[in-house]
Visitor: 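Supplied in structure tokens, the structure appears directly below.
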Protein chains: 2
Amino acid sequence: MRDAMEQEAEDAPIRMGAITDSLGFLIRLAQIKAFDNFFENLGDHGLKPGEFTVLWVIGLNPGLRQGSIANTLRIKPAHMTKLTARLVQRGLVTRKTPKSDRRAVRLYLTEEGSGFVEAHRENFLSFNFTEKDNLSQEEADQLTSLLKKFTGLNACH
Amino acid sequence: MRDAMEQEAEDAPIRMGAITDSLGFLIRLAQIKAFDNFFENLGDHGLKPGEFTVLWVIGLNPGLRQGSIANTLRIKPAHMTKLTARLVQRGLVTRKTPKSDRRAVRLYLTEEGSGFVEAHRENFLSFNFTEKDNLSQEEADQLTSLLKKFTGLNACH
DNA sequence: CGGATTTAGTTTCCGCGTAAACTAAATTTT
DNA sequence: AAAATTTAGTTTACGCGGAAACTAAATCCG
């Protein structure tokens with residue numbers, strides 16, 4: 001009833017061949033899933049994963065230069081400028097140019113920013129857990145550890 | 001010499017706290033790395049990972065509907081339209097509207113498209129390997145398997 | 001010192017991917 | 001069979017992220 005080679009039948013299984021073993025492809029899928037989970041759990045506060053991460057790092061390193069953060073989090077300078085502007089505009093972050101180097105920009109959390117991180121810390125950290133849907137705790141730990149190795153997070157850049 | 005709490009010294013180690021264990025963050029880093037590797041190894045042919053993947057799947061399933069591919073590869077319809085247009089424009093793919101359903105669009109590789117996939121198959125598959133930089137073969141396999149589980153690639157959607 | 005280079009960040013412009021609204025065709029309902 | 005609904009794909013408008021060119025300040029060097 002249906003053509004042998006051509007995919008005329010809608011319900012025919014779709015062959016994916018070797019891409020199902022492609023790290024690049026799998027990582028892209030994982031990215032999508034992680035993103036979905038993020039919004040399911042803390043979409044309400046209106047920040048995106050990247051923004052939250054920046055906020056987090058500023059909280060841990062008040063006064064860090066904008067460029068250092070960009071470098072650490074693998075965000076490009078051009079993007080960092082806009083991202084920072086957004087956070088400032090929301091009143092979560094302040095920029096300060098030190099007298100010692102008037103090119104530089106140092107970042108600090110505002111009161112509100114501090115409160116924000118404090119308020120969402122649990123949610124943000126649990127976001128690591130809720131997205132482990134299909135994984136046991138051990139598997140999740142293993143995945144985390146392998147990704148760290150793969151990305152060279154330990155060895156720094 | 002430097003302020004205790006503030007990050008006045010440039011070379012001070014940057015604290016990242018719990019995000020180094022955040023799957024979402026790690027996956028983003030992995031994504032960036034995979035992307036870099038892709039372009040290092042086959043950036044010359046001018047296709048991006050997503051485009052190559054689509055080409056690949058069409059090759060394995062000639063005549064598949066555009067929407068089915070989008071669904072399988074988690075590409076949104078709106079994007080799929082543009083992506084397909086690009087591939088058609090490069091002469092790698094042809095679109096065909098079957099008489100049985102004049103809304104649908106079926107996709108096929110052209111001669112050139114077939115040749116293209118054929119020519120880059122090795123490169124494309126080895127792309128899985130070259131990006132395993134920091135990982136042993138066993139670790140890479142393990143990572144692949146965990147990502148499959150995490151993304152639910154086995155269980156389908 | 002004063003010109004050349006480097007460094008920090010910004011601005012402009014562009015492409016990718018998405019959401020929402022839309023067009024057209026098939027299907028369901030009555 | 002006509003109206004309502006669903007389905008397939010496209011169009012439009014927008015935001016995110018990046019590359020390249022730029023501005024301004026600091027450093028290097030003769």
Side-chain angles (χ1 to χ4, degrees), chain A residues 7-8 10-11 24-25 28-29 31-36 38-39 43 46-54 63-90 93-107, chain B residues 7-8 10-11 24-25 27-29 31-36 38-39 43 46-54 58 63-90 93-107:
Chain A
Q7 211 73 12
E8 300 291 318
E10 296 309 288
D11 51 354
F25 178 65
R28 184 177 147 265
L29 291 186
Q31 171 85 284
I32 293 171
K33 182 174 170 64
F35 208 74
D36 287 351
F38 181 86
F39 283 115
L47 286 196
K48 267 142 279 169
E51 295 168 334
F52 207 109
T53 306
V54 169
L64 197 57
R65 271 194 314 99
Q66 187 173 303
S68 300
I69 297 181
N71 203 38
T72 306
L73 300 180
R74 304 278 263 125
I75 295 170
K76 293 292 184 298
H79 184 213
M80 193 66 196
T81 297
K82 296 184 220 175
L83 211 161
T84 303
R86 259 179 271 155
L87 293 175
V88 169
Q89 216 246 322
R90 284 178 207 238
V93 166
T94 47
R95 312 163 84 252
K96 201 183 105 187
T97 298
K99 285 168 232 74
S100 61
D101 186 344
R102 290 177 39 236
R103 297 168 304 178
V105 173
R106 291 182 179 284
L107 300 178
Chain B
Q7 212 73 13
E8 300 291 318
E10 297 309 289
D11 50 354
F25 177 65
I27 288 170
R28 185 179 146 263
L29 291 187
Q31 171 85 284
I32 293 171
K33 183 174 170 62
F35 208 72
D36 286 352
F38 181 85
F39 284 114
L47 286 195
K48 266 141 280 165
E51 295 169 334
F52 208 108
T53 306
V54 169
I58 298 175
L64 199 56
R65 272 195 311 99
Q66 187 172 303
S68 299
I69 296 180
N71 203 38
T72 305
L73 300 180
R74 304 277 264 127
I75 296 170
K76 293 290 186 296
H79 184 212
M80 192 66 198
T81 297
K82 294 188 218 175
L83 213 163
T84 302
R86 259 180 271 154
L87 294 175
V88 169
Q89 215 248 320
R90 283 178 207 238
V93 166
T94 47
R95 312 164 83 252
K96 200 182 107 187
T97 298
K99 287 169 229 72
S100 60
D101 185 345
R102 288 178 39 235
R103 297 168 304 177
V105 173
R106 292 183 178 281
L107 299 178

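A note on names: the letters A, B, ... follow the listed sequences, proteins ahead of strands, and every chain is numbered from 1.
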Visitor: Starting at CG of A:Asp36 and ending at C1' of C:dG17, how long is that distance when rounded to a whole Å?
Guide: 14 Å
Visitor: Find out whether B:Met80 and B:Val54 are in side-chain contact, i.e. whether some heavy atom of one side chain is under 4.5 Å from a heavy atom of the other.
Guide: yes
Visitor: Going by side chain to side chain donor-acceptor pair (under 3.5 Å), name the residues that satisfy it together with B:Arg102, two or more places apart in sequence or in a different chain.
Guide: none
Visitor: Reading DNA chain D from 5' onward, which residue's closest nucleotide shows up sooner: B:Met80 or A:His79?
Guide: B:Met80
Visitor: Should B:Leu107 and B:Arg95 count as side-chain neighbours, where that means a heavy-atom distance under 4.5 Å?
Guide: yes
Visitor: Using a 4.0 Å heavy-atom cut-off across all strands, classify A:Lys48 as base, sugar-phosphate, or nothing.
Guide: sugar-phosphate
Visitor: With sequence neighbours excluded, what pairs up with B:Glu51 under the side chain to side chain donor-acceptor pair (under 3.5 Å) test?
Guide: B:Arg86
Visitor: Please state how far atom CZ in A:Phe39 lies from atom C1' in D:dC16, giving the value in whole angstrom units.
Guide: 11 Å
Visitor: In whole angstrom, give the distance that lies between atom CG of A:Leu83 and atom C1' of D:dG15.
Guide: 12 Å
Visitor: For nucleotides 22-29 of chain C, which of its nitrogen or oxygen atoms have a protein nitrogen or oxygen under 3.5 Å away, and what is each distance?
Guide:
from, atom 1, to, atom 2, distance (Å)
C:dA25, OP1, B:Arg102, NH2, 3.1
C:dA26, OP1, B:Arg102, N, 3.0

Visitor: What's B:Ala78 touching, base or sugar-phosphate or nothing? Going by heavy atoms closer than 4.0 Å.
Guide: base
Visitor: Roughly, in whole Å, what's the span from CG in A:Asn71 to P in C:dG9?
Guide: 11 Å
Visitor: Do the side chain of B:Lys82 and the base of C:dT18 come within less than 3.5 angstrom through a donor-acceptor pair of N or O atoms?
Guide: yes
Visitor: For the residue pair A:Ala34 and B:Ile27, what are the closest heavy atoms and their distance?
Guide: CB-CD1, 4.3 Å
Visitor: Take atom CZ of B:Arg74 and atom P of C:dC16, then tell me their distance rounded to the nearest Å.
Guide: 21 Å
Visitor: Find the distance A:Arg65:CZ to C:dA8:P and express it as a whole number of Å.
Guide: 5 Å
Visitor: Could you state the atom-to-atom distance from NZ of A:Lys76 to P of C:dG15 in whole Å?
Guide: 18 Å
Visitor: Please report the distance, rounded to the nearest Å, between CZ in A:Arg28 and C1' in C:dG17.
Guide: 10 Å
Visitor: With a cut-off of less than 4.0 Å, is there a side-chain N or O of A:Arg86 near OP1 or OP2 of D:dC16?
Guide: yes
Visitor: Report the residue (A:Gly67 or A:Ile32) whose heavy-atom-nearest nucleotide on DNA chain C is the more 5′ of the two.
Guide: A:Gly67
Visitor: So, does A:Arg28 use its side chain to make a donor-acceptor pair with the main chain of B:Arg74 at under 3.5 Å?
Guide: yes
Visitor: Looking at side-chain heavy atoms only, is the closest gap between A:Leu47 and A:Arg90 below 4.5 Å?
Guide: yes
